[in-house]
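As a basis for the values below, the full set of heavy atoms in this structure was taken, side chains included, without hydrogen atoms, waters or symmetry mates. First listed ligand is number 1; within each ligand, the first listed atom is number 1.
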Amino acid sequence: MKLDKTKRGWWESAVFYQIYPKSFQDTDGDGVGDLKGILSRLDYLEKLGIDGIWLSPVCQSPQVDNGYDISDYQDIYPVFGTMEDMEELIRQAKMRGISIIMDLVLNHSSDQHPWFLEAKKGRENPYHDYYVWRDGTEDKMPNDMGSVFGGPAWTYVPELGQYYFHQFAPQQPDLNWDNPKLRQELYQMIRFWVDKGVGGFRLDVIDQIAKVPDEFITANGPRLHEFLEEMSRKAFCEEGIVTVGEAWSADVPRAQKFSSRDGKQLSMVFQFQHIGLDQQPGKAKWDTMPLYLPDLKKCMERWQLGLQEEGWNSLFLNNHDLPRIVSRWGNDGIYRVESAKMLATMLHGMQGTPYIYQGEELGMTNIRLELNQYRDLEIHNLYAERTAAGYTPQEVMESIYARGRDNARTPMQWTAGVNAGFTTGEPWLPVNDNHSFINAEAALADPDSVFHYYRRLIELRKTHEVFRKGKFVLLLPEDPNVFAYLRQTEEENLLVICNFSDKQQSLEEICVPENAKLLLGNYAEQSQALRPYEARMYLW
Ligand code: TEU
């Protein structure tokens with residue numbers, strides 16, 4: 001079903017799919033995915049039924065952080081293809097009812113961006129103030145702020161006697177949003193892409209643009225909402241443009257503001273509170289602990305109720321920065337298929353716009369590699385820092401296996417053949433050996449595959465209004481194994497029941513009315529009790 005995308009709110013019935021272009025499909029044998037590769041897989045995506053592709057960055061970049069370091073916002077990274085390829089992709093996707101949602105990295109640029117090359121030339125240079133500088137000396141930094149990827153957030157430029165600020169790698173200098181000229185340039189650039197026909201934007205670390213390093217403020221700086229309103233007015237001025245901001249710091253009140261119904265800022269944000277629940281409190285993401293299911297239920301409930309009337313949720317368990325969910329909260333052994341479907345059921349029954357990350361619809365899993373096979377700079381920084389701090393190499397590797405970003409970035413598994421059909425060359429990151437049985441070709445041929453299950457979930461969202469509008473009611477909040485909830489409108493009731501454990505669970509405490517119809521489930525035969533990782537969706 002194709003949605004009318006000229007009106008605000010079309011995304012409330014939509015499902016989006018994230019593509020990490022480097023790992024999706026290679027067509028020229030250089031081992032790196034490309035735009036022509038995405039073009040060649042549009043039929044596959046159309047079959048799945050998605051309405052939009054969030055495309056991770058494809059702009060010109062030295063690729064220090066896989067394209068999240070942009071050196072030209074209005075040109076394409078040549079390894080991915082040309083501007084003509086991009087235009088063709090936008091056009092062909094549109095013909096299939098699929099919008100392209102560009103990834104906008106507005107918090108920082110690459111240190112190879114002409115603005116930064118100019119900025120470094122002198123304090124009087126007109127571009128100097130496009131970045132965030134503070135005076136200092138070689139041995140005295142402005143303060144002791146650290147960067148997300150490890151090491152200090154300041155890098156010294158001796159010729160200027162100044163430090164520039166970077167929340168991420170030194171090759172990703174932060175842009176100075178306090179400078180109105182910089183903001184105008186960014187808005188103009190956004191208009192360039194709107195004119196090319198893209199359907200919307202995903203905004204990288206958007207809560208961090210209004211930083212005030214002197215006060216140690218990174219997220220939610222005092223001018224953040226002012227900047228967002230201005231950008232929305234001046235750059236996203238078409239009604240049908242969808243915007244989703246990445247906001248690690250967002251809590252419910254903040255997200256209500258970001259995604260307020262008046263449409264003054266963003267359509268929705270990615271919030272990460274559920275993502276941190278299996279992390280030891282107060283520690284880093286590498287310091288893991290098991291998920292306690294009641295925590296997840298309470299968290300999801302808070303977001304479902306919090307944005308029900310005031311705002312809009314995004315729904316996701318995976319992206320290019322997160323480990324594979326089936327390896328994380330499911331079971332990537334004998335119950336891989338069941339648990340992948342169960343996790344999808346839990347998420348897709350909720351209110352919001354679901355995002356599927358490439359390969360999630362196949363139940364792709366994490367990978368374990370040798371240290372030197374990993375490509376992510378964060379992994380290598382972590383290894384160096386933690387071994388220096390006294391962790392054993394084995395301990396650090398375990399953290400990397402559990403949380404490393406390359407888990408999500410291994411090439412898409414298309415076939416059981418050489419390199420999973422991803423490339424005829426040497427893949428830039430190893431292909432997971434399990435492509436022999438986890439691959440799109442096999443999934444398409446098997447009516448019970450994870451793929452077809454996702455396809456049905458997407459279809460259901462389009463068929464029943466209760467998915468978009470239904471009020472959320474959490475059931476059994478304290479049950480450590482079963483996640484169950486209702487969605488209700490005047491006309492329809494949806495009941496979602498998910499067993500998060502590999503043991504049988506009783507269904508006695510949940511009342512399933514006699515007139516309820518089983519819409520979808522991940523086991524073929526009927527049974528009284530819930531089987532391992534069983535999921536059911538009832539409608540009446
Ligand atoms: O990520 C923002 C971010 O802070 C995290 O996702 C981060 O990568 C992770 O938590 C580190 O532990 C965005 C992009 O999604 C990511 O790929 C980029 O590397 C980052 O911004 C910088 O642009």
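- Ligand 1 lies within reach of Arg405, whose nearest heavy atom is under 4.0 Å from it.
- For the side chain to side chain donor-acceptor pair (under 3.5 Å) criterion with His225, the lone passing option out of Lys264, Gln265, Glu230 is Gln265.
- Ring centroid separation for the pair Trp312 and Phe258 does not come in under the 6.0 Å cut-off.
- Annotation: side chain of Asp376 is not in contact with side chain of Phe149 (no heavy-atom distance under 4.5 Å).
- Per-residue contacts place Glu246 under 4.0 angstrom from the following atoms of ligand 1 (heavy atoms of the residue considered): 1 (O), 2 (C), 6 (O), 13 (C), 15 (O).
- Counting heavy atoms under 4.0 Å from ligand 1, residue His166 does not touch it at all.
- At the top of the distance list for atom 18 (C) of ligand 1, counting protein heavy atoms only, stands Asp65 OD2, 3.3 Å.
- Within the listing of ligand 1, atoms 17 (O) sit less than 4.0 angstrom from a heavy atom of Arg409.
- At a heavy-atom cutoff of 4.0 Å, ligand 1 is contacted by no atom of Gln167, backbone or side chain.
- With ligand atoms numbered from 1 in the order given, ligand 1 contributes 19 (O) to contacts under 4.0 Å with heavy atoms of Phe149.
- Using a 4.5 Å cut-off on side-chain heavy atoms (C-beta onward), Arg202 and Tyr355 make no contact.
- Ligand-side atoms of ligand 1 in range of Glu378: 9 (C), 11 (C), 12 (O), range being under 4.0 angstrom from any heavy atom.
- What sits closest to atom 15 (O) of ligand 1 on the protein, heavy atoms only, is Asp321 OD2, 2.5 Å.
- Shown are Leu343, Ile275, Asn366; of these, the side chain to side chain contact (heavy atoms under 4.5 Å, CB included) with Arg328 is made only by Ile275.
- Proximity to His320 (heavy-atom distance under 4.0 Å) selects the following atoms of ligand 1: 14 (C), 15 (O), 16 (C), 17 (O).
- Note: Tyr127 and Tyr130 have perpendicular aromatic rings, judged against thresholds of 30 and 60 degrees for the angle between ring planes.
- Of the N and O atoms on the side chains of Trp11 and Asp51, not one donor lies less than 3.5 Å from an acceptor on the other residue.
- Aromatic rings from Tyr357 and Phe316 are positioned such that their centres are separated by 6.0 Å or more.
- Of the options Asp111, Thr155, Val132, a side chain to side chain contact (heavy atoms under 4.5 Å, CB included) to His166 is made by Thr155 and by none of the others.
- Within ligand 1, the atoms closer than 4.0 Å to a non-hydrogen atom of Arg202 are 15 (O), numbered from 1 in the order shown.
- Taking atom 14 (C) of ligand 1 as the reference point, the nearest protein heavy-atom neighbour is Asp204 OD1, 3.1 Å.
- Ion pairing of Asp321 with Arg409 is present here, as a side-chain N (NZ or NE/NH1/NH2) and a carboxylate O approach within less than 4.0 Å.
- Nearest-residue assignment for atom 20 (C) of ligand 1 (options Phe168, Trp286, Phe272; heavy-atom criterion): Phe168.
- Short contacts between ligand 1 and His108, defined as distances under 4.0 Å to a heavy atom of the residue, involve ligand atoms 22 (C), 23 (O).
- Near Trp248, meaning under 4.0 Å from one of its heavy atoms, ligand 1 places the atoms 2 (C), 3 (C), 5 (C), 6 (O), 10 (O).
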